[in-house]
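Beneath this line is the structure, given in structure tokens, with notes to follow.
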2 protein chains.
Amino acid sequence: MAAVRDGGLRVTSARRLLIEALWEADEPLSAEELLERLGGRSDLGSVYRNLEALERLGLIRHVHLGHGPGLYARSSLGPREYLLCDSCGAHIAVDPSELDEVRSLIRRRFAYEARFNHFPVAGLCPKCAKERER
Amino acid sequence: MAAVRDGGLRVTSARRLLIEALWEADEPLSAEELLERLGGRSDLGSVYRNLEALERLGLIRHVHLGHGPGLYARSSLGPREYLLCDSCGAHIAVDPSELDEVRSLIRRRFAYEARFNHFPVAGLCPKCAKERER
DNA sequence: ATACTTGCAAATGATTTGCCAGTGT
DNA sequence: ACACTGGCAAATCATTTGCAAGTAT
């Protein structure tokens, strides 16, 4: 809560509840899922506004896993980059270091600095890839 | 047009106009941009329905470059995979073979079969990456 | 006290869907 | 003829914004 105040935000009950929900979660949640966990003691507009504010402070991040809503998680959940299956929606989160080789390959070829924390690596998971082999 | 009929679709004027617009374009366009090129001689509902139908036949593909609307292009525009800059929106299209090394690295590490034709590689383009170096 | 926030409603952007008159085969 | 489509409107999903009343500092 200190970080919130230091960031120039007031500690309101809607905000505190949202933060608690985010801190209790061990995977990214949508705004709607978060609102449910608040027992309706807020509304979607406020949830989105607060998510944006907390993200500006760097306390949380959000990722887009395919279509569907954005998913939010506390930054302290650890740096994560994602691989998503286009076919079944399965996804895995990995430490950025696991993608360093991929990143440097892309850097050498295209001079792009690839990031898979906001938009994942898309493709086919092992199971779906196998199913399409034939 | 033969491919359309073979696919079980009728060749209607709305459909033909849409196909012409797609075939004249040399980069992916949104449904709205396509409708403009039809001079309003159709409507968004039909455009989306036809885009979906043509995509089912494999005649076109669509890509999501960041937020914003999906972008559609004829498949014959050539196999393309995309790199997108999260910061300035710049993007480049490359032949899949240029990403084969990246793909096999990801395959070895995660057994995922990466595809960057529907969702791009996201990150920072050379210019934006340089600006953040300091 | 007063600036920041909330909850509610309405607006927005992208896309989908229901309906029925119109048209390709 | 008859099923497939088109155009129009309304619905949906995710997210943003306006506003007046409420609250943290």
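For the numbers below, each heavy atom of this structure counts, side chains included, while hydrogens, waters and symmetry mates do not. Naming convention: chains lettered A, B, ... in sequence-line order (proteins, then strands); numbering from 1 in each chain.
Taking atom CG of B:Leu51 as the reference point, atom P of D:dT5 lies 14 Å away to the nearest angstrom. Put simply, CZ on B:Arg56 is 12 Å from P on D:dC4, counting in whole angstrom units. Atom C1' of nucleotide D:dA14 and atom CG of A:Leu65 are separated by 15 Å, given to the nearest angstrom. For the pair B:Glu55 CD and C:dT15 P, the computed distance is 12 Å after rounding to whole Å. For the pair B:Asn50 CG and D:dC4 P, the computed distance is 15 Å after rounding to whole Å. Here D:dT16 presents its P atom at 8 Å from NE2 of A:His62, a figure rounded to the nearest Å.
Taking side-chain N and O atoms only, B:Tyr48 has no distance below 4.0 Å to OP1 or OP2 of C:dT16.
Checking C:dT15, C:dC8, D:dG7 against every side-chain atom of A:Asp43, the shortest atom distance belongs to C:dC8. For B:His64, the listed nucleotide lying nearest its side chain is C:dT15; candidates were D:dT16, C:dT15, C:dT6. Ranking C:dG7, C:dT15, C:dG18 by closeness to the B:Leu44 side chain, first place goes to C:dT15.
With A:Arg103 as the fixed residue, the salt bridge (charged side-chain N to carboxylate O under 4.0 Å, His left out) test singles out one of A:Glu98, A:Glu81, A:Glu113: A:Glu81. A:Arg80 pairs with exactly one of A:Pro120, A:Pro96, A:Pro28 by the side chain to side chain contact (heavy atoms under 4.5 Å, CB included) rule, that one being A:Pro28.
Here B:Arg56 pairs with B:Glu52 in a salt bridge; the nearest charged N to carboxylate O distance falls below 4.0 Å.
A:Ser46 and A:Asp43 share a side-chain donor-acceptor pair at under 3.5 Å. Side chains of A:His64 and B:His64: a donor-acceptor N/O pair is absent below 3.5 angstrom, by distance only. Side-chain contact check for B:Arg74 and B:Ser76: at least one donor-acceptor pair (N or O, by modelled atom type) lies under 3.5 Å.
You won't find any donor-acceptor pair under 3.5 Å spanning the side chain of B:Arg5 and the base of C:dG24, going by distance alone. One N or O donor and one acceptor, one from the side chain of B:Arg49 and one from the base of D:dG7, sit under 3.5 Å apart.
Less than 4.0 Å separates DNA chain C from at least one heavy atom of each of the following residues of residues 9-34 of chain B: B:Arg10, B:Val11.
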Report task. Go through B:Phe110 and A:Leu99 one step at a time and tell me if the side-chain contact (heavy atoms from CB on, under 4.5 Å) criterion holds. Result -> CA-CA 10 Å; B:Phe110 309 103; A:Leu99 283 161; 3.8 Å; yes

